Amino acid sequence: MSLLGLFDIGRSGIFANQLALRVASNNIANVNTPGYSRQDVIMQIANPVTLSGHQLGRGVGDVEVRRHFDNFTFLQIIGQSSNFGRSSSLQEGLSNIEQILNEAQDFGLSNTMEEYFNAWQDVVTTPDGSAQRSSLLVAAEAFVNTAKQIERDITNTIDFVNDQIGDAVKKINVLSKNIAEVNGKIMEVEAGGIETANVFRDQRENMMKDLSELIEYDWYANTDGSVTIVAGRGSIVAGVRDFPLSSTLNLEGDRDIYSSGTDITPFIKAGELGGFIAVRDDIKDNALHDLRKMIASITQETNVIHYAGYDTASNTNVDFFDSLRIFRRDDSTGGSAAGITSASIFDRSPGALTLDEYDIGFVDNAGTLDYQVRNHKTGALVAQNAYTSGANIDFDGIRVVITGAGANVPVVGDSFFISPLEQAVQNFNGSLTDGSLVAVAQSATAPPGDNTNAIVMVERYSASIANLNNNSFNEYYQEIVATVGSMSQSAMDSLKFDDNLLFELNNRREAVSGVSLDEEAANLIRYQRAFEASARIIKLTDELLELVINL
Amino acid sequence: MSTRITAFMLYNQFANSLSKNLTNMSKVQTQLATGKRITKPSDDVIGLRGSMAYKVSINALEQFGRNIGEGLSALGLTESAMSSTSNLFNRVRELAISESNDTATGDSREITSFEVKNMFNELVDIGNSKLNDKYLFSGYMTKTRSFSSTGTYQGDTNNIEIFIGDGIKSKTNVTGDVTFSDTSKLVTNVLPSTMSGNIQLTSGGSSYYLKTGDEFAGASPEEIRDTINAPMTGTYLTAAAVGEGTLTLKAGSGNPVTLQVSAADTLTDIRANINALNMGITAGIFTDGANERLFFRPTTSGEGISIEVSDIDGNDTDSTGLSALYHTDLKSNLTADALGAEAFVLDDGTNNKRMFFEQNPVGTTFALEVDEDGDGLFAEVGDGEADTTGLSLLHHNSATTSNLTGNAFNTITFFEMLNHFSNALTNNDRFGIQSSILLVDGALDSVVNTTADVGSRLKYFEDQKGRLEDSEISFKSSLAVLEDADIAEAAMEMTKIQSTLEAMRISSVRNLTQSLFDFLG
């Protein structure tokens with residue numbers, strides 16, 4: 001053992017502690033960097049030498065820089081971020097709808113609807129008053145416009161949600177591309193098989209956290225250090241490769257998500273994307289559908305009564321609102337080129353036309369081509385019969401004709417959507433141009449004081465309506481608002497819960513991976529002192545050597 | 001080992017709590033600013049539902065209140081029209097009473113008739129009362145004058161209903177056809193100037209046959225009236241040939257007249273002989289299908305008559321021979337029976353005469369049937385005895401004998417009454433004037449009934465208005481409970497949040513700024 005061995009010991013101490021100072025400084029510098037995992041140095045004793053039967057240390061041996069990272073917490077954060085993302089987009093969408101239907105502030109549809117109903121009562125009280133009749137038309141117009149405004153606001157919200165879906169897909173694609181890139185870097189750095197790519201791993205974990213907020217996914221780590229990410233049943237990242245998602249508008253004007261050509265929309269449940277898809281369907285199936293159904297029902301009931309009455313000039317068989325129309329859409333994917341020739345209402349009485357939506361499909365019934373009409377919502381079979389080109393397909397007051405020869409003959413798998421509701425608000429308009437045309441009387445001579453038809457109308461407006469699940473119009477609208485309110489309320493509750501949980505998880509991550517300035521300050525002093533001492537060893541050795549040399 | 005705490009966690013904790021407290025504060029702030037507890041549906045879904053329902057109800061109540069207001073003005077005007085009508089008829093009654101006195105002269109009656117004609121026009125004006133340019137008494141035909149200048153009703157019979165509560169409808173009008181008529185009077189259609197046939201009056205189980213055997217031949221309405229008011233009496237069954245003997249007839253204060261009946265005389269011969277005497281007794285025969293009966297009545301209404309029988313067989317009281325005609329009453333003065341009905345002729349001066357009947361005494365049931373062709377059978381449809389020509393205009397086709405309410409009978413309008421009265425005055429017709437009193441009494445009764453009906457509806461509307469207002473107050477307070485913020489509580493909550501925020505800020509400023517670095521030299 002020579003004196004020079006002391007040099008080595010001192011030198012190893014200087015190197016090791018210098019590195020430790022570096023790591024501590026880097027920790028301090030990154031104290032506010034999101035996703036940064038604090039690092040520290042793990043110093044090992046250098047292999048000793050054996051002299052005269054004594055094992056003598058040779059200073060600090062290998063030094064390893066290690067990051068503090070809890071994989072279990074990370075897994076939980078990934079899962080919880082998806083839940084949080086879903087809740088936040090649900091809440092965002094529903095609070096929008098809630099604002100639109102905000103009855104708490106007295107500006108909602110309920111008010112104008114009530115004014116419209118009241119205007120009919122004024123006509124009952126003063127059937128021969130031209131002011132009352134004109135006011136009725138004005139009230140009807142205000143009601144129509146409010147209903148349209150509300151529908152427009154709702155469809156705008158849906159459009160906005162669809163835009164958000166498109167944006168989310170773009171963000172997902174950027175993230176998956178970056179993750180694939182970082183995968184490559186990690187594979188390079190860790191070619192030796194040891195997890196040393198601390199920075200890249202921090203980067204990737206950060207991106208994976210962002211990704212999980214956007215879309216729910218499964219993932220697993222490969223032995224080469226890369227990760228494979230599977231979302232909606234398709235891989236979006238595998239090693240250094242990424243598989244971008246795409247979104248396309250479907251026939252209903254909604255964005256569907258495709259992964260490598262496959263529609264994966266139904267499989268995306270969580271993350272912002274899952275939340276947007278869910279909220280879009282919630283809005284369409286509840287607020288929008290129900291609003292349309294209510295307006296369709298008002299149109300239907302009002303017209304049936306008004307049609308039977310007489311105006312001041314004894315005209316009869318006139319509608320108050322524009323008539324309901326049948327909306328049709330070819331939902332066939334592939335199949336034949338068959339199309340619907342005509343779709344109309346042949347019996348608009350509330351007993352026949354039940355204001356449901358339908359799908360017409362085709363099945364092979366022992367060699368005969370049958371058409372099948374199913375309820376769009378419940379899937380229940382409404383009508384089935386052998387298909388004949390040009391023949392009437394009648395169900396629930398609706399008549400559909402499909403004429404076709406050759407390529408236009410429907411085949412099994414063709415599907416047509418039929419709805420009296422789709423455009424009910426869009427086509428909701430008052431038909432009358434003058435108050436004198438309101439059919440207030442039931443008697444054909446229409447004496448000016450005959451208010452009997454208006455009485456029937458007022459009574460109907462407060463009666464329970466079979467097509468609205470035996471609710472009155474007011475009750476049904478209250479139901480719509482309450483449904484949106486409770487959906488929004490539960491979205492808000494979930495958001496609070498998910499936010500809280502994520503906060504706790506982040507705290508737990510922070511407890512392990514976060515930088516503590518106090519800790520680092522202590523480390524600085526500690527390593528500084530060790531550095532100083534090591535330097536003193538070298539100085540001491542130098543003095544000793546000088547002493548020896550000068551002997 | 002305890003959990004590692006880093007400065008970042010403290011920051012995070014602070015930021016998170018700050019955000020939560022600020023969210024709460026903003027919510028309480030909104031509550032204080034708007035005074036509402038619920039500012040969006042998700043604040044309280046159940047509460048919002050309730051508040052929406054209350055708002056709809058309050059809105060409906062306010063609408064019902066407005067409807068009732070309209071109804072009240074219509075009913076109020078109706079009530080005042082009725083009170084004017086009542087005043088008018090009270091005056092008519094006074095006139096009718098004073099002009100029916102014997103002291104009244106043709107001149108005074110003629111002068112009064114002018115006044116009555118003016119009153120007629122006044123009544124037409126009352127009948128044409130308008131509210132907001134709508135005729136009050138025209139039913140649905142609110143743009144049509146209720147009555148023409150001659151008092152003809154031009155509206156319809158419909159009642160205008162309005163909503164005065166949830167599902168509660170009520171009438172706001174009365175129509176001129178019933179309001180300006182006495183529906184209790186039983187008036188025939190316009191009668192021809194002469195009619196023929198027989199009349200059977202049934203009252204209280206007894207039947208009275210008028211002008212039996214020899215029918216009314218070309219009788220005027222007045223003649224029929226007098227006959228009904230002074231009918232023949234008694235029913236006497238005889239064979240075709242009666243026995244020999246002597247009849248002693250006496251009418252009023254006239255001398256007794258003796259009539260010899262020979263063995264060969266038939267009932268028809270006796271009738272002819274009596275009537276040929278022209279001594280104050282009129283005889284008639286009624287054939288009931290099996291037998292003939294001889295009837296008598298004083299030729300001059302109200303005179304007593306007596307008939308004594310002297311039978312050739314010596315027994316003047318048995319049912320054999322001429323004494324079959326014997327009747328105890330006929331020995332003394334015979335007065336007209338109370339028929340249960342009194343007849344009057346309505347004459348408005350246009351030769352459209354009609355008749356009406358009064359129960360006498362009131363409450364007596366009576367029925368009237370006719371035998372127009374004189375075959376002894378009454379109310380034969382095949383004989384045209386229920387049609388609307390000739391004597392059968394007097395027939396009432398009610399199946400029961402309770403009242404003369406058959407198709408052939410109408411009510412009498414107030415205008416017809418005034419016309420009748422004024423015509424009677426012009427014609428100096430005392431009976432006509434007297435019957436006018438009867439008519440006016442009926443009119444006043446009818447007005448009282450209408451006024452009571454309208455008055456009770458006014459009361460109902462007022463009550464309903466009160467009830468609606470009560471409900472509105474209670475709904476509004478329920479709504480306030482649901483919807484309004486508890487200001488005191490919100491203010492307290494605000495103070496609490498503020499002090500929490502303050503404490504948080506102070507402690508975090510102290511804690512977060514401290515670092516070990518501060519103490520390194």
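Here the structure is a predicted model, which means the values were calculated and not measured. Labels below follow one simple rule: chain letters A, B, ... track the order of the sequence lines, proteins then strands, and each chain is numbered from 1. As a basis for the values below, the full set of heavy atoms in this structure was taken, side chains included, without hydrogen atoms, waters or symmetry mates.
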Interatomic distance, [X] atom [atom1] to [Y] atom [atom2] [nearest 0.5 angstrom]:
X        : Y        : atom1 : atom2 : answer
A:Asp122 : B:Ile162 : CG    : CD1   : 10.5 Å
B:Lys169 : A:Glu459 : NZ    : CD    : 4.0 Å
B:Ser57  : A:Glu114 : OG    : CD    : 8.5 Å
A:Glu519 : B:Thr6   : CD    : OG1   : 9.0 Å
A:Asp499 : B:Ser19  : CG    : OG    : 7.5 Å

Please state whether the side chain, the backbone, both or neither of [X] comes within less than 4.5 Å of a heavy atom of chain A.
X       : answer
B:Ala53 : both
B:Glu62 : neither
B:Arg49 : both

Looking at every heavy atom in both [X] and [Y], which two are closest together, and how far apart are they?
X        : Y        : value
B:Gln63  : A:Asn118 : OE1-CB, 3.0 Å
A:Val124 : B:Phe163 : CG1-CD1, 3.9 Å
B:Val45  : A:Gly485 : CG2-C, 3.4 Å
B:Pro41  : A:Leu101 : CG-O, 4.3 Å
A:Asp128 : B:Lys143 : O-NZ, 3.5 Å
A:Glu510 : B:Arg4   : O-NH1, 3.7 Å

Ignoring hydrogens and angles, state whether a donor on the side chain of [X] or [Y] is under 3.5 Å from an acceptor on the partner side chain.
X        : Y        : result
B:Asn158 : A:Asp450 : no
A:Thr125 : B:Glu70  : no
B:Asp43  : A:Gln489 : no
A:Gln121 : B:Asn67  : yes

Per-residue contact mode, [X] against chain B (heavy atom under 4.5 angstrom):
X        : value
A:Leu94  : neither
A:Arg38  : side chain
A:Asn474 : side chain
A:Asn500 : side chain
A:Val515 : backbone
A:Ala522 : both

For the interface with chain B, which of [options] has the highest count of heavy-atom pairs at distances below 4.5 Å?
options                      : answer
A:Ser516, A:Pro448, A:Ala521 : A:Pro448
A:Thr483, A:Thr445, A:Leu517 : A:Leu517
A:Ser488, A:Pro127, A:Gly514 : A:Gly514

Within 6.0 Å of [atom1] in [X], more than 12 heavy atoms from elsewhere:
X        : atom1 : value
B:Arg66  : CZ    : yes
B:Lys496 : NZ    : no
B:Asp133 : CG    : no
A:Glu532 : CD    : yes
B:Asp166 : CG    : no

Of all the residues in residues 25-35 of chain A, which have a heavy atom that comes within less than 4.5 Å of a heavy atom in chain B?
A:Ile28, A:Asn32
Pair A:Thr452-B:Tyr140, side chain to side chain contact (heavy atoms under 4.5 Å, CB included): steps then yes or no
CA-CA 10 Å; A:Thr452 36; B:Tyr140 281 166; 3.0 Å; yes
Would you check, one step at a time, whether the test side chain to side chain contact (heavy atoms under 4.5 Å, CB included) holds for B:Met52 with A:Ser110?
CA-CA 8 Å; B:Met52 281 177 78; A:Ser110 183; 4.3 Å; yes
Check step by step if side chain to side chain contact (heavy atoms under 4.5 Å, CB included) holds for B:Gln13 and A:Asn507.
CA-CA 9 Å; B:Gln13 191 69 54; A:Asn507 257 357; 3.7 Å; yes
Would you say A:Pro447 and B:Thr142 make side-chain contact, with heavy atoms under 4.5 Å?
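Result no, sub-4.5 Å side-chain heavy-atom pair not found.
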Residue, of B:Ile46, B:Ile160, B:Ile5, that accumulates the most heavy atom pairs under 4.5 Å with chain A
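It is B:Ile160.
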